[in-house]
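Everything quoted here is computed from the prediction, not taken from an experiment.
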Amino acid sequence: MDAVLKEKLEDVVEHVNNAMVDPDINIDYYIPETDNLGDCYIQVEYVVGEYTKPKRKIHLTKTYTMYEPQKIANLVTFSIEQFKTEIDSVEMG
């Protein structure tokens, strides 16, 4: 992975971590050292209860990487909020 892209993705990780301070959300970053962006994604786990922990992958496609880190982080945090809303609507009825 080239240095510019690696630095951009590290900035995205920092922005998302700063924006998503939620004890019910676990975020794992999968950013391999290769140039294959198809393998880059963020896995979000929403801990609803002891046995209910739905997960979603947010893939970081080539389109994402054309944006500035702050915009990518905004798109990722929006996706996480949408995921939480979907799960809450199912859980709450």
Can you tell me how far the [atom1] atom of [X] sits from the [atom2] atom of [Y], to the nearest 0.5 Å?
X	Y	atom1	atom2	answer
T61	M66	OG1	CE	8.0 Å
R56	I87	CZ	CD1	7.0 Å
Q82	I58	CD	CD1	10.5 Å

Residue pairs, two or more places apart or on separate chains, that pass salt bridge (Lys or Arg N to Asp or Glu O under 4.0 Å) and touch residues 64-76: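 Sorted result for residues 64-76: empty, none.
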
Quick one: does any side-chain atom of K55 pair with a main-chain N or O of Q43 as donor and acceptor, under 3.5 Å?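 Such a contact is absent between K55 side chain and Q43 backbone.
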
Taking all atoms of both residues into account, what is the closest heavy-atom pair of Y64 and S79, and its distance?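 So the minimum-distance heavy-atom pair works out to OH-OG, 4.3 Å.
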
Identify the heavy atoms of L60 and I72 that sit nearest to each other, and give their distance.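 Reported closest heavy-atom pair: CD2-CG2, 4.4 Å.
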
Show the atom names and distances, to 0.1 Å, of all donor-acceptor pairs under 3.5 Å that link a side chain in residues 19-27 to residues at least two apart or in another chain.
from	atom 1	to	atom 2	distance (Å)
D22	OD1	D24	N	2.9
D22	OD2	K84	NZ	2.4
N26	ND2	E45	OE1	2.7

Residue pair Y46 / T52, side-chain heavy-atom distance below 4.5 Å: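 No, their side chains stay 4.5 Å or more apart.
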
Check: I31 and V12 side chains under 4.5 Å, non-hydrogen atoms: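 Heavy-atom side-chain distance check fails, nothing below 4.5 Å.
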
Transitively linked via ILVMFWY side-chain contacts under 4.5 Å: F78 with L9?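 As far as the 4.5 Å side-chain criterion goes, L9 and F78 are not connected within one cluster.
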
Would you kindly confirm whether V47 and Y29 end up in one hydrophobic cluster when ILVMFWY residues are joined by side chain heavy atoms under 4.5 Å apart?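 The answer is no; the residues belong to distinct hydrophobic clusters.
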
May I ask you to decide if the ring planes of Y41 and Y30 are parallel, tilted or perpendicular, using 30° and 60° as cut-offs?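 Answer is parallel, since the angle falls under 30°.
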
Taking only residues two or more places apart in sequence, or in another chain, which ones meet E7 in a salt bridge (charged side-chain N to carboxylate O under 4.0 Å, His left out)?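 So E7 forms no salt bridge (charged side-chain N to carboxylate O under 4.0 Å, His left out) with any residue.
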
